[in-house]
Amino acid sequence: MSLWEYANPVKFLRLSEKVLPTLWVASIACVCTGLVWGFFFTPDDFRQGSTVKIIYIHVPSALMAINAWFMMLIASLIWLVRRHHVSALAAKGAAPVGMIMTVIALVTGAIWGQPMWGTWWAWDPRLTSFLILFLFYLGYMALWAAIEDPDSAADLTSVLCLVGSVFAVLSRYAVNFWNQGLHQGTSIPVATGERTVSDVFFVPLMIAMVGFGLLFVTLVLYRTGTEIRLRRARALMAREGQS
């Protein structure tokens, strides 16, 4: 079976309806396990105290905020090249989820930063690029809402997604590009495999990250299915209006 078969809306809906119940259970179980374990069954850090426990929300939400935009980028490229409507609707469905993740990351980062840095906000390279990414999310959703023709909206939002990907990359790697800034480096560098997080914090953090990832996939599948049904409903209403 080819992955492109699921560009067919009927097959996509059939698959999503089959896997969504399992995904809901798995995502909620992982998120709850990671957060409860992290908040109530890990010790305070010797420097940061109990403030360190924000890591279980801040890191997974920041990771998903960036990866959500990359997922939208891939879906947008598929739309531009192959004109599969499901991919465009998947990108549209992922945008509000990514935007909420960005808000959570910004808010928890401010709460974490105030006792650590002595300020709620600093024009740090990563923080600034993350704020710009949030504005791109808002612009992306506003552009979808402002254009009536869905294909034209998909074209323009796909181009916007390409531009916004620059800030998604900066949000992920800003601390590597610039040495200045208050934000710490990545706790779990993928390239080297080294990490600065103790095992007692690392295990529940990984469970929370998996949970947030599963939750993102679940919400995107759910919202994409909703967008497909809405498009069908509009097409039927337009057809009835012409008859």
Side-chain angles (χ1 to χ4, degrees), residues 1-32 60-61 63-104 134 136-162 164-165 168 209-241:
M1 294 180 63
S2 171
L3 183 64
W4 299 113
E5 291 184 22
Y6 297 104
N8 182 302
V10 175
K11 290 188 176 181
F12 178 87
L13 288 174
R14 192 179 300 146
L15 174 66
S16 62
E17 289 171 357
K18 187 180 298 185
V19 301
L20 270 174
T22 302
L23 284 174
W24 277 118
V25 173
S27 59
I28 292 173
C30 286
V31 169
C32 291
S61 60
L63 180 66
M64 294 318 305
I66 299 168
N67 288 340
W69 194 273
F70 286 140
M71 173 262 159
M72 291 163 57
L73 171 63
I74 294 171
S76 298
L77 288 173
I78 292 173
W79 163 255
L80 291 173
V81 174
R82 305 198 62 155
R83 312 303 284 183
H84 289 319
H85 287 92
V86 171
S87 62
L89 295 179
K92 181 182 180 182
V97 183
M99 185 271 291
I100 294 298
M101 292 292 182
T102 308
V103 171
I104 294 173
F134 167 69
F136 266 97
Y137 270 118
L138 293 182
Y140 181 92
M141 292 186 292
L143 193 56
W144 264 109
I147 302 173
E148 292 186 5
D149 180 65
D151 287 354
S152 298
D155 288 337
L156 293 175
T157 52
S158 295
V159 174
L160 179 63
C161 193
L162 293 174
S165 299
M209 290 170 67
V210 171
F212 271 68
L214 289 173
L215 183 61
F216 171 74
V217 172
T218 304
L219 291 172
V220 170
L221 286 177
Y222 180 80
R223 286 187 52 80
T224 304
T226 301
E227 291 292 340
I228 292 173
R229 294 182 178 91
L230 285 174
R231 175 168 287 200
R232 283 182 176 177
R234 294 191 192 101
L236 289 173
M237 291 174 63
R239 192 175 304 168
E240 290 178 0

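One is the number of the first residue; the rest follow in order along the sequence.
- Atom NZ of Lys11 is separated from atom OG of Ser16 by 14.0 Å, given to the nearest 0.5 angstrom.
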Please tabulate, one pair per line, all N/O donor-acceptor pairs under 3.5 Å involving side-chain atoms of residues 17-24, not counting sequence neighbours.
unit_1, atom_1, unit_2, atom_2, d
Glu17, OE2, Arg229, NH2, 2.7

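- Taken from CG in Leu80 to OG in Ser158, the straight-line distance is 4.0 Å, to the nearest 0.5 Å.
- Between Gly98 and Ala68, the shortest heavy-atom distance links the atoms CA-CB, 3.8 Å.
- In plain terms, the two heavy atoms of Ala91 and Met72 that are nearest each other are O-CG, 3.6 Å.
- Residues Ala88 and Trp144 share a closest heavy-atom pair of O-CZ2, 3.8 Å.
- Taking CG from Asn67 and CD1 from Ile74, the interatomic distance works out to 9.5 Å, rounded to the nearest 0.5 Å.
- Evaluation of the side chain to side chain donor-acceptor pair (under 3.5 Å) rule for Asp155 yields Trp79, Arg83 as partners, not counting sequence neighbours.
- Leu13 CG to Thr226 OG1: the interatomic distance, rounded to the nearest 0.5 Å, is 9.5 Å.
- Atoms CE and CE, on Met101 and Met64 in that order, are 6.0 Å from each other to the nearest 0.5 Å.
- At least one side-chain heavy atom of Met141 sits less than 4.5 Å from a side-chain heavy atom of Pro96.
- Residues Tyr137 and Trp69 share a closest heavy-atom pair of OH-N, 3.2 Å.
- Nearest approach of Arg231 to Pro150, heavy atoms of both residues: NH2-CB, 2.9 Å.
- A pairwise comparison of heavy atoms in Gly139 and Leu160 identifies C-CD2, 3.8 Å as the closest pair.
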Give the table of side-chain donor-acceptor pairs shorter than 3.5 Å for residues 210-224, with sequence neighbours excluded, one pair per line with atom names and distance.
unit_1, atom_1, unit_2, atom_2, d
Thr218, OG1, Leu214, O, 2.7
Arg223, NE, Gly93, O, 2.8
Thr224, OG1, Val220, O, 2.6

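- Rounding to the nearest 0.5 Å places CG of Asp151 at 4.0 Å from NE2 of His85.
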